[in-house]
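A short write-up of the structure that comes next.
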2 protein chains.
Amino acid sequence: MKGTTSATAPSDVPAPAEGVRAWKEKFVSIEYCPIRTVINQIGDKWSVLILAVLGTRPHRFGELRREIDDISQRMLTQTLRDLQRDGLIARRVIPTVPPSVEYSVTALGQSLLEPMSRLIGWAEQHQAEIKRSRQRFDASVAPD
Amino acid sequence: MKGTTSATAPSDVPAPAEGVRAWKEKFVSIEYCPIRTVINQIGDKWSVLILAVLGTRPHRFGELRREIDDISQRMLTQTLRDLQRDGLIARRVIPTVPPSVEYSVTALGQSLLEPMSRLIGWAEQHQAEIKRSRQRFDASVAPD
DNA sequence: CCGAATCCAATCTGATACTG
DNA sequence: CAGTATCAGATTGGATTCGG
């Protein structure tokens, strides 16, 4: 294992060019890749959105479903389960009749929201530029 | 000592709970979702890794292939193309014989590396906790 | 109300073989 | 060397139906 478990402060956020050099090796090492594991989970279709919504306040299952409304019940259940498995959200069954279930972000999930919000901020800030780039690219490839 | 490593926190970090409330609406609006677009692109299997490697220095096609080495030629070509389409990396053909092609991150790509490195930093910092959570969960679900 | 199970379509990925 | 084409397998996501 690497020394990361002892939380030797990765100092801070380094100049990207340096930081990258650092994690490249961890990425490429094939034995096990913690980063890919995490990116995979939150890189799916719904995880980020659900975390975002739960970040505002706890929600019940049905609330989430209505709020997102273009998610299928299957994917909502499954994504919630995966997030719970990773310890990012907590599931609390309230013994009413019929039973209700409340989901909320854990401390771990909260800590993820910060870097995630930065990434999303970036996406918002640069979406226009990306869109333009895509149009330019597509036009130059299929100029028809 | 765990979550508090935001040593260099550049002040503009929104309290997650507020930031989230902000982007939730953009997420859920179905007409167009810039954020999902971006997350989808970098959420695939190779984009982040390639950006990371190119972040250290420009690479030629074959170099990338050797460096990553468990990527198929097909996926390398395709992912590079998608990243170029988004304007995150630049492709430069060097007219030698045989021709060589150099890829490098653009300014836009550089700007993405910063939030990305934060996310990856988070993943590294919390991988152990996540792993433990998964084991606990799996044990409780399939206790044999 | 919450969620598991089944079936099915769409997408993603890799192996292999081929081109300039 | 860099890239394309095609095919097969794996994964993902959605619709529907059933159960507690």
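Proteins get letters first, then strands, A, B, ... in listed order; numbering begins at 1 in each.
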How close or far is atom [atom2] of [N] from atom [atom1] of [X], stated in whole angstroms?
| X | N | atom1 | atom2 | value |
| --- | --- | --- | --- | --- |
| B:Trp46 | C:dT13 | CH2 | P | 9 Å |
| B:Met75 | D:dA10 | CE | P | 17 Å |
| A:Arg65 | D:dG13 | CZ | C1' | 15 Å |
| B:Leu76 | D:dT4 | CG | P | 11 Å |
| A:Asp44 | C:dA10 | CG | P | 21 Å |
| A:Gln78 | C:dC2 | CD | P | 18 Å |
| B:Ile71 | C:dT13 | CD1 | P | 9 Å |
| A:Tyr103 | C:dC1 | OH | C1' | 11 Å |

Is the distance from OP1 or OP2 of [N] to the nearest side-chain N or O of [X] less than 4.0 Å?
| X | N | value |
| --- | --- | --- |
| A:Arg60 | C:dC1 | no |
| B:Arg91 | D:dG3 | yes |
| B:Lys45 | D:dT11 | no |

Legend entry - Any side-chain heavy-atom pair of B:Leu76 and B:Gln78 under 4.5 Å: no
Legend entry - A:Arg92 side chain near A:Val101 side chain, heavy-atom distance below 4.5 Å: no
Inset, instruction - Classify the side chain of B:Gln73 versus the base of C:dG14 as yes if they form a donor-acceptor pair under 3.5 Å and no if they do not. - result: no
Legend entry - Side-chain donor/acceptor contact of A:Arg74 with base of D:dT12 under 3.5 Å: no
Inset, instruction - Identify which one of A:Thr37, A:Asp86, A:Asp82 satisfies the side-chain hydrogen bond (donor to acceptor under 3.5 Å, both in side chains) criterion when paired with B:Arg134. - result: A:Asp86
Inset, instruction - Establish, from distance only, whether the side-chain atoms of B:Glu102 and B:His59 form a donor-acceptor pair under 3.5 Å. - result: no
Inset, instruction - Using distance alone, with no hydrogens and no angle criterion, decide if B:Ser47 and B:Gln41 have a side-chain donor and acceptor under 3.5 Å apart. - result: yes
Inset, instruction - Hey, which sits more toward the 5' end of DNA chain D by its nearest nucleotide, B:Arg81 or B:Arg66? - result: B:Arg66
